[in-house]
Amino acid sequence: MNERDDILEREIRGFAAASPPHERPGLRADLLAEFERCFARARRRRLGQWIATAAAAALLLVAALGLALAPSKPRPPTRSGREGLAALSASIERLAAEVALLQRSTPRPPAPEAAGDEPPAEGEDRFLRAFVLLDRDPALLRLASARAFEAIDPAQAARRYHELLDQYGESPAAAVARARLDSLNR
Amino acid sequence: MSERARDEEVVRRARAGDRQAFGELLGEHLPGLRAFLFRMGAEDADLDDLAQEVFVAVIRGLKDFRGAGRFSTWLLGIAVNVLRRRRRVREAPLEVARPEVDPAPGPLDVAVRQEQGDLLRRALGRLSPPLREAFVLCDVQGMGAAEAALILAAPEGTVRRRAHDARERLRALLAARELTP
């Protein structure tokens, strides 16, 4: 190894061993805070999307149940229709009781603490709880969806009623579905 | 558990939002990152700002890190991009930090600086950024050309050639003693 190589090798060893100046106090704390801010934003985005879905489903249910309970024609309901409506009414009463119970027993989430956090939309909790309840009764959700389609696309509504009957033939919602199908076929 | 497996596990937890895991990543990789930035010629005053910029990019990019390579490789790749962007913003080569506190260093200071590779630090400031990057990664950090190529997003052969050219240029500079304080 010649002298030029010796100099370079020695310098590389010294350079590699040299330490940078001391780390700024608070650098790690700043980075940890940035990490938390970034993930809090991501969590809020996901929650916002979920709430939007829940709100849409809850609004659809409310609209569809309103239609289902209102007499669409001045005609006496069939026997199966009457039984179905009675069962549905009982189911709605149970859901309402559960909602009331949940509202009493579930503590409200703490207020956001970081600056710039958006406050939760008014009624957000109610929508979330309604969505949870809807999630427990998929037949009811199908019924609401099909009922909403009656005014837009009766053929699509009929297909949905048939699907509901195929999958949830024993549920209270099925009786209403049969009655609505009879009504659509007339 | 191997270093790579441990890194993957910590990164997986950090990607899920685990603050403690991110703290572990900082503990493991921040000193090495700062040393790399220092070797690349970052000024002392800028060093922590640059390190912060790199780790903020890491936080935002964690979700895209699929663990195809080592975390440290990915980290240094981000660091190289941050340095290049900083150079473009300044439209001038990154200046090498020069000690200004003591305009007339004594013989002991000179000896210590030489001992700590200060001459090489000055010489690196005379190299073009591509040569400096290849030299620091291959000859100072001790990486293979393949990993350095991943970090620099350049072909392996190009990295080898740049590192070789950098060594030649540095030998000439050091031999000429142009840089002696």
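Numbered from 1 within each chain, the chains take letters A, B, ... in sequence-line order. This is a predicted model, so every value here is computed, not measured.
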Please classify the contact between B:Asp49 and chain A as side chain, backbone, both or neither, with a heavy-atom cut-off of under 4.5 Å.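 Both backbone and side chain of B:Asp49 come within 4.5 Å of chain A.
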Name the region of B:Leu26, side chain, backbone, both or neither, that has any atom closer than 4.5 Å to a heavy atom of chain A.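 Backbone plus side chain of B:Leu26, per the 4.5 Å heavy-atom cut-off to chain A.
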Return the option, out of B:Gly17, B:Ala35, B:Gly27, with the maximum number of heavy-atom pairs under 4.5 Å with chain A.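 Heavy-atom pair counts peak at B:Gly17.
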Could you have a look at B:Leu30, B:Leu170, B:Val136 and say which one has the most heavy-atom pairs with chain A under 4.5 angstrom?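 Going by pairs under 4.5 Å, I would pick B:Leu30.
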Please determine whether a side-chain nitrogen of the Lys or Arg among A:Arg178 and A:Asp182 lies less than 4.0 Å from a carboxylate oxygen of the Asp or Glu.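 Result for this pair is no, no salt bridge flagged.
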Are A:Arg160 and A:Glu163 within salt-bridge range, i.e. N to O under 4.0 Å?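 The answer is no: the pair does not qualify as a salt bridge.
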In a check of ring-ring contact (aromatic ring centres under 6.0 Å, His included) between B:His29 and each of B:Phe71, B:Phe36, B:Trp74, B:Phe22, which one passes?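 Passing option: B:Phe71.
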Flag if over 12 foreign heavy atoms under 6.0 Å of CZ, B:Arg84: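 For B:Arg84, atom CZ is crowded (more than 12 foreign heavy atoms under 6.0 Å).
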Which atoms of A:Glu36 come close to chain B, meaning under 4.5 Å heavy atom to heavy atom: side chain ones, backbone ones, both, or neither?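 The answer is the side chain of A:Glu36.
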Side chain, backbone, both or neither: which part of A:Leu27 has a non-hydrogen atom closer than 4.5 Å to chain B?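 The answer is the side chain of A:Leu27.
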Identified side chain to side chain contact (heavy atoms under 4.5 Å, CB included) counterpart of B:Ile78 within the set B:Val82, B:Asn81, B:Leu75: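 Considering B:Val82, B:Asn81, B:Leu75, a side chain to side chain contact (heavy atoms under 4.5 Å, CB included) with B:Ile78 is found only for B:Val82.
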